[in-house]
Each structure stands twice: as structure tokens, then as C-alpha cells.
Amino acid sequence: MELHAWINPYRAKTKTTNVLASNHIVKKKPNLCFEYDGLYILNPGIPETMDYTCKVVDDIVKRYDIDGLHIDDYFYPYPVAGLTINDDKEFQNNRKGFRDKGDWRRDNVNVFINKLCKTIHDRKPWVKFGVSPFGIYRNKKTAPKVGSETNGTQNYDDLYADVLLWVNNGWVDYVVPQLYWEIGNKAADYQTLIHWWNNHAANRPLYIGEDVERTVKYPDLNNPQAHQMGAKFKLHQQLPNVKGTVLWYAKAAVDNVGNYGSYLRSKYWCYRALQPSMPFIDNKAPKAPRKLKDEMTDNGYMIYWKAPKGSGWKDKAVKYVIYRFEENENISLANPSKIAAITTKTRYKLPYRTGDKKYVYVVTALDRMSNESDGVSIHVKL
């Protein structure tokens with residue numbers, strides 16, 4: 001597993017937060033925030049708020065050994081009928097050449113996303129920066145050339161989040177659109193949207209945000225006796241730019257709502273897997289492990305190896321993959337069913353049995369970006 005820290009960069013106070021710490025940003029610098037529908041929002045139109053959030057993120061990345069940093073779908077607040085965002089003064093004081101306030105707001109967020117990406121990668125280039133936007137970029141009736149056949153809140157027009165610009169400019173390392181609807185939804189059909197994102201967000205890894213409870217609530221349109229999990233995963237497998245799935249929320253899968261967890265274990269996620277590669281960050285594999293040997297010890301039958309030599313973070317091995325094949329079996333590291341373990345250790349305990357069957361174990365090294373080395377092999381009897 002990887003650990004990605006998750007933040008909402010603009011939400012200073014939620015509706016359900018009643019008590020704020022004395023050093024909270026709303027109390028220390030109330031001029032940096034505006035109130036909207038019971039929320040306090042860090043004002044994207046004030047450059048100091050961008051610097052403040054980037055400073056917080058830099059502290060997280062510096063102090064913790066995280067694999068990624070992830071931001072949610074909250075940029076400018078979701079619109080509420082009858083309410084307006086109080087940012088006229090900021091717009092008048094710093095138009096930046098924009099006549100349209102919508103364009104100005106989008107630019108505020110664009111500048112922030114670019115700066116946040118740079119902040120993360122300047123501190124630790126291997127830490128991935130991801131965003132999980134609302135599932136609709138634009139509706140076709142608003143933007144006939146780029147919009148989807150949907151009718152709902154829009155990232156670009158309502159939240160002032162130009163997600164495609166970030167993807168196409170390489171300001172994010174992965175994108176997780178929240179496609180929390182069902183196949184057949186009249187306003188936001190899941191099938192329509194997953195095809196739209198597959199066609200428009202190909203410049204960065206695309207993972208689909210899934211609502212587990214809604215998926216199992218609705219029947220498969222072609223098989224009413226089943227829920228929609230199978231149909232959705234079939235779409236994932238058919239679309240070339242969809243690289244994976246992000247579940248919302250994990251507890252629903254753990255609680256096995258609609259047998260979702262059981263299906264994952266038995267059908268979809270039944271083998272160990274490597275994290276998807278991100279060659280635009282680093283595409284060079286580390287060297288192979290060294291001096292692989294087997295030995296019977298007091299703790300059981302073991303294989304040992306030495307870490308490959310590597311200087312910088314791009315060359316250093318941080319994990320190892322152990323594959324197991326029968327003696328005359330074709331050695332294919334592309335077959336995930338042959339992965340016996342993925343470990344940070346330089347040893348592995350073999351499942352010793354009667355000692356009358358021969359196996360081939362292959363060990364490879366992974367760097368921080370899951371680039372995989374060549375393998376070294378050893379023949380053992382188990």
C-alpha cells in the first residue's frame with residue numbers, strides 16, 4: 001500500500017465545526033477568509049492564502065514519509081441558491097488583466113495548483129500530487145465542444161476548477177474524478193462520464209472514484225438480479241486510459257456491503273499488485289538485487305539477498321517483489337498470480353514442506369515510483 005495525505009486546501013471551517021483552536025487561521029487572520037453557507041473559506045483571491053496552504057503542505061511533505069498528497073473536490077464553494085461569494089474587493093484590487101470574474105477565479109485556482117505541485121516536488125520529487133474533482137467537468141449545453149451529456153454542477157463554471165488544464169499542463173500527477181452516480185442516472189450517467197474522462201484526461205493516470213454503497217444499491221441494467229459492480233469494472237477493463245479505482249469509502253468495502261469486499265477478493269483484486277508507474281516523474285528502474293541465496297535457519301527455510309547499489313532516490317531500491325514458479329514453468333513477471341510477496345526486507349521465509357518439489361524464486365527490486373528491476377533467480381526444493 002501507499003500512504004497519500006489528504007487535505008481540503010480552501011475549507012477553513014466546515015458546517016459541523018463549532019469550536020476553533022486559538023491559533024486557527026480563521027481567528028489569527030480572519031481577513032484571509034470569507035463566510036459562505038456556514039463555511040469559512042480561505043479566499044482564493046488573496047495571494048497570501050495560497051502561500052499559507054503551500055507552507056502547510058510543505059511541512060507535511062518535509063516531516064512525514066508520505067507517498068503522495070491528495071486534494072479533494074472543494075475549490076470555490078459549491079453554489080447555493082440566493083448566496084453570493086463576497087470577493088468583489090479582491091477582484092477590483094487585483095484583476096490581473098481579467099474582465100470576467102469567472103476567468104479571474106479560475107486563474108486564482110490555476111496559479112495555486114501549479115504552485116502546490118511545485119512546492120511538493122521541490123521538497124520531494126517522488127511524492128505524487130493528486131486531485132479528486134467533482135465528476136462533471138462541463139455540461140454539453142454549456143460547452144458544446146468539450147462538455148459531457150450531463151446536467152449537473154460543473155467544475156469549470158461553478159467551482160472554478162479547470163481540471164483539464166491541470167492534467168494537460170502536468171500540474172497534477174494523477175486525477176480521480178468522483179463518479180459517484182449509477183449507470184443510467186438521468187442527470188449524470190456513470191457510463192457517459194467514464195467514457196468522457198477516458199477521452200479527455202489521458203495525459204495523466206486516471207483512477208475512477210467509486211461510491212461503493214450506490215454501486216450496490218442499483219441493479220445492473222442488463223441483469224436486474226445483480227448490482228452494478230460487475231458492469232462498472234467491465235468498463236474499467238475496456239477503457240485504455242482508466243488505470244484503477246479509488247473506493248469511497250473503504251469501510252463500506254470492509255463491511256462487505258452488497259458483497260463488494262468478497263467480490264474484490266475473489267474476482268477483481270485477488271492478486272498482489274504493483275503501484276502503477278508514473279514515467280513522467282521517473283522511468284528508470286533500479287539495479288537488480290545481489291547475491292541471492294537460500295539457507296535453513298532456526299526461523300525456517302529462508303532466501304536472502306543484498307540491496308542493489310544506488311545513490312539518489314531514483315536509483316535506490318525501497319521494496320522487493322518475490323515471484324514463485326514451478327520448475328518447468330514459463331517465467332513471466334507480467335503474471336500477478338505468481339507474486340508470492342512484496343516486502344521492504346531483504347529476506348523471505350519459504351513455505352517449507354516435504355522437500356520433494358522444485359521451484360524457481362525470482363526477486364526483483366522496486367524504486368519509489370514502482371519501476372521494477374530485472375530479476376535474479378534461485379532454484380529451491382520445498
Side-chain angles (χ1 to χ4, degrees), residues 4 68 70-75 78 102-103 106-107 109-110 113-114 117 128-212 214-215 218 220-222 228-248 268 273 275-281 283:
H4 290 223
H70 179 88
I71 62 174
D72 214 340
D73 56 314
Y74 301 104
F75 300 99
Y78 278 79
D103 291 337
R106 273 183 290 275
D107 185 70
V109 181
N110 292 340
I113 293 294
N114 189 16
C117 178
K128 303 164 186 174
F129 174 42
V131 59
S132 185
F134 186 72
I136 298 172
Y137 177 68
R138 302 188 81 182
N139 298 310
K140 197 164 189 176
K141 65 181 182 181
T142 305
K145 292 183 179 180
V146 72
S148 54
E149 291 281 5
T150 50
N151 182 25
T153 302
Q154 304 167 99
N155 275 291
Y156 185 93
D157 302 88
D158 301 316
L159 307 180
Y160 306 99
D162 192 353
V163 183
L164 287 193
L165 179 72
W166 312 340
V167 169
N168 291 329
N169 284 357
W171 295 346
V172 294
D173 297 318
Y174 64 92
V175 61
V176 185
Q178 297 175 8
L179 304 192
Y180 289 170
W181 302 278
E182 71 278 6
I183 298 172
N185 184 286
K186 292 181 180 180
D189 174 47
Y190 179 96
Q191 182 164 294
T192 296
L193 284 166
I194 195 172
H195 278 278
W196 187 94
W197 284 98
N198 175 75
N199 293 336
H200 290 84
N203 285 349
R204 283 295 184 260
L206 171 65
Y207 312 119
I208 304 301
E210 299 283 353
D211 183 331
V212 173
R214 180 169 288 200
T215 295
Y218 289 92
D220 187 327
L221 300 185
N222 297 316
Q228 293 193 354
M229 181 183 186
K232 287 184 174 182
F233 270 80
K234 185 176 180 180
L235 284 169
H236 300 171
Q237 294 159 358
Q238 291 173 342
L239 299 176
N241 296 321
V242 174
K243 304 301 182 184
T245 306
V246 176
L247 304 181
W248 186 81
Y268 299 109
Q275 275 82 18
S277 62
M278 294 190 178
F280 48 88
I281 297 178
N283 63 358

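The analysis underlying the following values was restricted to heavy atoms, covering all of them including side chains, and did not include hydrogens, waters or symmetry mates. Predicted model, so just to flag it, every value in this text is computed and none were measured.
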So CG of L179 and CD1 of I208: to nearest 0.5 Å the spacing works out to 5.0 Å

One should read off an interatomic distance between L193 CG and N198 CG, to the nearest 0.5 angstrom, of 12.5 Å

Hits for ring-ring contact (aromatic ring centres under 6.0 Å, His included) against Y160, two or more places apart or cross-chain, chain-then-number order -> Y76

- Item | Close aromatic pair by centroid cut-off 6.0 Å: F134 and W181 | yes

Nearest heavy-atom approach of Q191 to H195 is O-CD2, 3.1 Å

Tightest non-hydrogen contact, residues L206 and A201, listed as CB-O, 4.3 Å

Here the pair of heavy atoms bringing T150 nearest to R138 is OG1-O, 4.2 Å

Evaluation steps, side-chain contact (heavy atoms from CB on, under 4.5 Å), between D173 and I281
CA-CA 8 Å; D173 297 318; I281 297 178; 3.8 Å; yes

Where do W197 and V163 land on the side-chain contact (heavy atoms from CB on, under 4.5 Å) test, with the steps shown first?
CA-CA 11 Å; W197 284 98; V163 183; 4.2 Å; yes

For the residue pair R204 and W166, establish whether any side-chain heavy-atom pair is separated by less than 4.5 Å. no

Output for pair (E149 CD, K140 NZ), nearest 0.5 Å, gives 4.5 Å

Interatomic distance, CG@N151 vs CG@D189, rounded to 0.5 Å, equals 13.0 Å

Taken in chain and number order and not counting sequence neighbours, the residues that satisfy ring-ring contact (aromatic ring centres under 6.0 Å, His included) with W196 are Y137, H200

task = Using atom types as modelled and distance alone, determine if a side-chain donor or acceptor of E210 lies under 3.5 Å from a backbone N or O of T215.
result = no

| field | Student check: side-chain heavy atoms of L165 and I113 closer than 4.5 Å | value | no

Partner of P133 under side-chain contact (heavy atoms from CB on, under 4.5 Å), picked from V167, D72, V175, is V175

Heavy-atom closest pair (D103 atom, Y156 atom, distance to 0.1 Å) is OD1-OH, 4.4 Å

| So, do Y174 and K243 sit near enough that their side-chain heavy atoms are less than 4.5 Å apart? | no

message = Could you check whether any side-chain heavy atom of D211 comes within less than 4.5 Å of a side-chain heavy atom of E182, counting everything from C-beta outward?
response = no

Looking only at heavy atoms, the pair that brings C117 and G170 closest together is SG-O, 4.3 Å

When rounded to the nearest 0.5 Å, the distance separating CG of D158 from CD1 of I136 is 9.5 Å

* **Exam field: side chain Q154 to backbone N139, donor-acceptor pair closer than 3.5 Å** => yes

State, yes or no, whether a side-chain contact exists between N110 and W171 at a heavy-atom distance under 4.5 Å.
yes

Are Y180 and N185 close enough that some pair of their side-chain heavy atoms sits under 4.5 Å apart? no

Rounded to the nearest 0.5 angstrom, the CD-CG distance for Q228 and L221 is 5.5 Å

Closest heavy-atom pair, H70 versus V131, reported as atoms and distance to 0.1 Å, is CE1-C, 4.1 Å

Test item: I71 and F129 side chains (from C-beta on) under 4.5 Å apart, heavy atoms: yes

### Message
Just so I know, are the side chains of W248 and V176 near enough to count as touching, which here means a heavy-atom distance under 4.5 Å?
### Response
no

